[in-house]
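Down below is the structure, laid out as structure tokens.
Both counts, for ligands and for their atoms, begin at 1 and track the order of listing.
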Amino acid sequence: MTDLTSLTLAEARKGLADKTFTSLELTDAHLSAIEAARVLNAFVMETPDQARAMAREADGKIAKGDAGPLAGIPLGIKDLFATKGVRTTACSKILGNFVPTYESTVTSQLWRDGAVMLGKLNNDEFAMGSSNETSCFGPVGNPWRRDGSNTTLVPGGSSGGSASAVAALLCMGATATDTGGSIRQPAAFTATVGIKPTYGRCSRWGIVAFASSLDQAGPIARSVRDAAMLLRSMAGHDPKDTTSVDIPVPDYEAAIGKSVKGMKIGIPREYRLDGMPAEIEKLWSEGAAWLKAAGAELVEVSLPHTKYALPAYYIVAPAEASSNLARYDGVRYGLREPAKNIIELYENTRASGFGAEVKRRVMIGTYVLSAGYYDAYYLRAQKVRTLIKKDFEDCFAKGVDAILTPATPSAAFGIGEKGGADPVEMYLNDIFTVTVNMAGLPGIAVPAGKDAQGLPLGLQLIGRPFDEETLFSLGEVIEQAAGRFTPARWW
Ligand code: GLN
């Protein structure tokens, strides 16, 4: 039998249906792979007993012909999703050993459809970061290395554990979240596919909140089809999230292989940055050429407010974070540091429970929301946000179906290489992704090539609201042209 962990989700679904192997065998193969890859630090909690129990249940249902769309498929869950009875920490010390008594809506839908949980995946603390280096469980290793080098690189962030685990064949797919790029940037760094759906497409209920007006869940997978299969289960209306939108979830998989002939693809002028590596530029032109060869029409478009997106994001996101994180006070969750009075309790708990990056965000957020500065910073950032959204609306009003951009300004970098002295160096990773969150649009990252050092690079496609289907159709054209990328195993 071929190694079960190297199958795509779609292939595994077929193997399970044909009874070539059982979910228990598939699950055991992944549990062994996880054990052998602990050096990557992708999982912060392994749940083998639960996984085997869920696999047996799936096998029973498959035998009875009663299988859900993801029956028996082993997945990893970002530690930002509340999982009933299983420790959920957002990779922050402040949540301690918090064990939720409830399940997030997104994960409950995956279990409803028969998926199997292998464990919880590492991420940047409270999803704040672009390298997974802010996690209280330590950094995650990218399964990709530069040719001829044994330096461990970051998998990107904040969904670094999700991307690393999917790329290293430790799970068939993973949940992730994206507030400013946290699904798409790690996907690009690891040659995986990641889609951030339209804001409101997936319920945020039961996901640890970072910046509520930007946060959105989505899958990371090894192919565009696999991502489509996962999103179908994850998406849907949920009355428990007032921002969740009540429109039917399409069969995303049906969009795979659909003709893209006649589609208008926008190439935004403002994404051509000064000093952008020639390799990224080349990848972008190649991607455009592939779409053109498939019958799409390329048009130059302008998104004039792009240059303000990153500064505006770093006001809006910390502002919301400072408010969301006020709940970690030592009284309600996890960690509690001893103190003489209530104020000291808050201070001691928050001082020892939050990491440096989280503290920086809370301070920035508190500052921009404070009386006297609110209008100058927060209100102005909100206005910029409206203009960014309008840039996209103008573009789509001209008949553009999707916009093609690079996913990241560089390939993966080494642990400790970026952001040490200047946090902005790290923030710049999200230069191509944050606009999409600011506008609430769907965006997909698809592996498209490699740099001169053999590291994967991705392209991003941005779509109209609730038109994830077009992104899947176009994404698959790129995937077909670029081929699949698998890292050489060193762990
Ligand atoms: N890197 C960005 C940040 O640190 C985005 C993170 C995310 O999307 N969760 O805010």
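Of all atoms in ligand 1, listed by their number and element, those nearer than 4.0 Å to a heavy atom of S158 are 9 (N). Applying the 4.0 Å criterion to heavy atoms of F210 picks out, from ligand 1, the atoms 9 (N), 10 (O). Against a heavy-atom cut-off of under 4.0 Å, D178 is close to the following atoms of ligand 1: 8 (O).
No part of Q216 comes within 4.0 Å of ligand 1, judged by heavy-atom distances. In D430, the part holding a heavy atom less than 4.0 Å from any atom of ligand 1 is the side chain. Heavy atoms of A127 found under 4.0 angstrom from ligand 1 belong to the backbone as well as the side chain. Residue Y427 does not touch ligand 1, judged by heavy-atom distances below 4.0 Å.
Aromatic ring orientation, F98 versus Y333: perpendicular (interplanar angle above 60°, classes split at 30° and 60°).
No heavy atom of A317 sits closer than 4.0 Å to any atom of ligand 1. Ligand 1 is never approached by Q185 to a heavy-atom distance shorter than 4.0 Å.
Closest to atom 10 (O) of ligand 1 among all protein heavy atoms lies Y313 OH, 2.6 Å. Scanning the protein for heavy atoms near atom 3 (C) of ligand 1, the closest one is Y314 OH, 3.2 Å. Remark: minimum distance from atom 6 (C) of ligand 1 to any protein heavy atom is reached at S182 OG, 2.9 Å.
In this structure, E417 pairs ionically with R146, as a charged nitrogen and a carboxylate oxygen lie closer than 4.0 Å. Salt bridge status for D329 with R350: absent, with no side-chain N to carboxylate O gap under 4.0 Å. Under the 4.0 Å criterion applied to side-chain N and carboxylate O atoms, E133 and K418 are not assigned as salt-bridge partners. Between K390 and E393, no side-chain nitrogen of the basic residue sits less than 4.0 Å from a carboxylate oxygen of the acidic one, so the salt-bridge criterion is not met.
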side-chain hydrogen bond (donor to acceptor under 3.5 Å, both in side chains) assessment of D215 paired with T179: CA-CA 4 Å; D215 297 344; T179 303; 2.7 Å; yes
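Residue M128 has no nitrogen or oxygen atom sitting less than 3.5 Å from a nitrogen or oxygen atom of ligand 1, judged on distance alone. At least one N or O atom of G129 sits closer than 3.5 Å to an N or O atom of ligand 1.
For the pair R272 and W284, the cation-pi test (distance below 6.0 Å, angle within 45°) is passed.
Taking 4.5 Å as the limit, every side-chain heavy atom of Y314 sits out of range of all side-chain heavy atoms of I364. A 4.5 Å side-chain heavy-atom check between R222 and M172 finds at least one atom pair inside the cut-off.
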